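I have a structure I would like to understand better, so I am pasting it below and will then ask my questions one at a time.
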Amino acid sequence: QVQLVESGGDLVQPGGSLRLSCAASGTIFSIYIMAWYRQSPGKQRELVASITSGDDTNYADSVKGRFTISRDNAKNTLDLQMNSLKPEETAVYYCNAVIKTARWDSYKNYWGQGTQVTVSS
């Protein structure tokens with residue numbers, strides 16, 4: 001059983017900063033890609049940023065230069081530093097990871113429950 005638990009969501013003023021964290025636990029052999037997605041009411045879930053086990057990163061155009069994704073492979077944790085936040089970035093932010101639970105297993109997709117980020121004055 002694998003669990004992803006996010007933390008760090010909060011109410012922040014426009015232009016402010018917030019750091020999200022995600023911890024993966026359970027039976028984990030290896031984690032390939034870890035990512036942050038977000039979903040606002042009435043909108044589709046969208047990719048915010050991703051990072052591979054080799055630290056290759058990918059960002060949505062809208063967050064480039066403001067958000068930084070990082071991971072600790074030894075601790076199976078994922079962070080997202082968000083700066084200069086905008087009201088339209090209010091959303092539930094989800095942690096996602098592609099995980100193999102055993103050497104002979106295939107990689108599977110896992111999701112956390114989400115953490116609310118509200119950007120408002």
Side-chain angles (χ1 to χ4, degrees):
Q1 191 79 359
V2 172
Q3 277 193 321
L4 300 179
V5 178
E6 302 100 332
S7 61
D10 206 344
L11 170 64
V12 62
Q13 291 190 343
S17 297
L18 208 57
R19 189 176 186 87
L20 304 182
S21 295
C22 171
S25 63
T27 306
I28 297 172
F29 177 75
S30 69
I31 302 178
Y32 176 38
I33 292 177
M34 301 187 81
W36 289 98
Y37 286 75
R38 64 188 179 193
Q39 187 168 21
S40 304
K43 293 188 177 181
Q44 286 190 329
R45 191 172 297 189
E46 63 174 355
L47 174 68
V48 177
S50 65
I51 183 168
T52 69
S53 55
D55 286 337
D56 291 325
T57 58
N58 179 53
Y59 295 92
D61 287 342
S62 61
V63 308
K64 284 180 181 176
R66 299 186 297 118
F67 289 14
T68 302
I69 191 170
S70 59
R71 65 188 278 180
D72 185 326
N73 291 327
K75 297 180 179 179
N76 291 333
T77 57
L78 176 72
D79 290 331
L80 183 69
Q81 177 66 42
M82 304 186 293
N83 299 327
S84 302
L85 282 160
K86 305 173 182 179
E88 55 265 35
E89 295 179 311
T90 294
V92 177
Y93 284 69
Y94 295 92
C95 178
N96 170 264
V98 180
I99 296 173
K100 182 184 286 193
T101 58
R103 182 184 296 275
W104 56 85
D105 198 4
S106 57
Y107 281 103
K108 294 182 179 63
N109 207 26
Y110 294 88
W111 292 92
Q113 293 298 307
T115 185
Q116 177 70 46
V117 173
T118 302
V119 186
S120 175
S121 55

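Keep in mind that this is a model prediction, so the values were computed, not measured.
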For Glu46, I'd like to know if atom CD has over 12 heavy atoms of other residues, nucleotides or ligands within 6.0 Å.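 Result for CD/Glu46: enclosed.
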Once you round to the nearest 0.5 Å, how far does CG of Leu78 lie from OG of Ser70?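 Result: 7.0 Å between the selected atoms.
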Transitively linked via ILVMFWY side-chain contacts under 4.5 Å: Val2 with Ile33?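 No; Ile33 is not reachable from Val2 via cluster members.
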Is there any disulfide bond (SG atoms under 2.5 Å apart) pair reaching into residues 29-73, and which pairs are they, with sequence neighbours excluded?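 Sorted result for residues 29-73: empty, none.
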List the atom pairs, with distances to 0.1 Å, where a side-chain N or O of residues 114-121 and a protein N or O form a donor-acceptor pair under 3.5 Å, not counting sequence neighbours.
from, atom 1, to, atom 2, distance (Å)
Thr115, OG1, Gly9, N, 3.1
Gln116, NE2, Ala91, O, 3.4
Gln116, NE2, Thr118, OG1, 3.4

OG of Ser62 to NZ of Lys86: how many Å apart, nearest 0.5 Å?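 Going from OG on Ser62 over to NZ on Lys86, the span is 7.0 Å.
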Does Met82 reach the side chain of Glu89, with side-chain heavy atoms less than 4.5 Å apart?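 They are not in contact (no side-chain heavy atoms under 4.5 Å apart), so the answer is no.
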Just distance, no hydrogens or angles: give the donor-acceptor pairs under 3.5 Å from side chains in residues 13-23, sequence neighbours left out.
from, atom 1, to, atom 2, distance (Å)
Ser17, OG, Asn83, OD1, 2.9
Arg19, NH1, Gln81, OE1, 3.0
Arg19, NH2, Asp79, OD2, 3.3
Ser21, OG, Asp79, OD1, 2.8

Write down the atom of Ser40, the atom of Thr90, and the distance for their closest heavy-atom approach.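 Scanning both residues completely, I find the closest heavy atoms to be OG-O, 2.9 Å.
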Do you know which two heavy atoms are closest between Gln113 and Tyr94, and how far apart they sit?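 Where Gln113 meets Tyr94 most closely, the heavy atoms are O-CE2, 3.4 Å.
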Check whether Ile31 and Val98 end up in the same hydrophobic cluster, where Ile, Leu, Val, Met, Phe, Trp and Tyr are linked by side-chain heavy atoms less than 4.5 Å apart.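 Different clusters: Ile31 never reaches Val98 through Ile, Leu, Val, Met, Phe, Trp or Tyr contacts under 4.5 Å.
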Within one Ile-Leu-Val-Met-Phe-Trp-Tyr cluster: Tyr110 and Ile28, side-chain cutoff 4.5 Å: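 Tyr110 clusters together with Ile28.
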Does Gln44, at its CD atom, have more than 12 non-hydrogen atoms belonging to other residues, nucleotides or ligands within less than 6.0 Å?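 No.
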Is there side-chain contact between Trp36 and Cys95, with at least one heavy-atom pair below 4.5 Å?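 With C-beta onward as the side chain, the pair touches.
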Would the number of heavy atoms belonging to other residues, nucleotides or ligands and lying under 6.0 Å from CZ of Phe29 be above 12?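 Counting other residues, nucleotides and ligands, CZ of Phe29 exceeds 12 neighbours.
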Looking only at heavy atoms, which two atoms of Met34 and Asn76 are closest? And how far apart?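 Nearest heavy atoms, Met34 then Asn76: CE-O, 4.4 Å.
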Between Asp105 and Lys100, what is the shortest heavy-atom contact and its length?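 Closest pair (atom of Asp105, atom of Lys100, distance): O-CE, 3.2 Å.
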Residue pair Tyr37 / Val92, side-chain heavy-atom distance below 4.5 Å: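 Sidechains of Val92 and Tyr37: no contact.
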Could you tell me if the side chain of Arg71 sits less than 4.5 Å from the side chain of Asp55, heavy atoms only?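 Yes, at least one pair of side-chain atoms sits under 4.5 Å.
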Which atom of Tyr59 lies closest to which atom of Lys64, heavy atoms considered: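 Where Tyr59 meets Lys64 most closely, the heavy atoms are O-CE, 3.4 Å.
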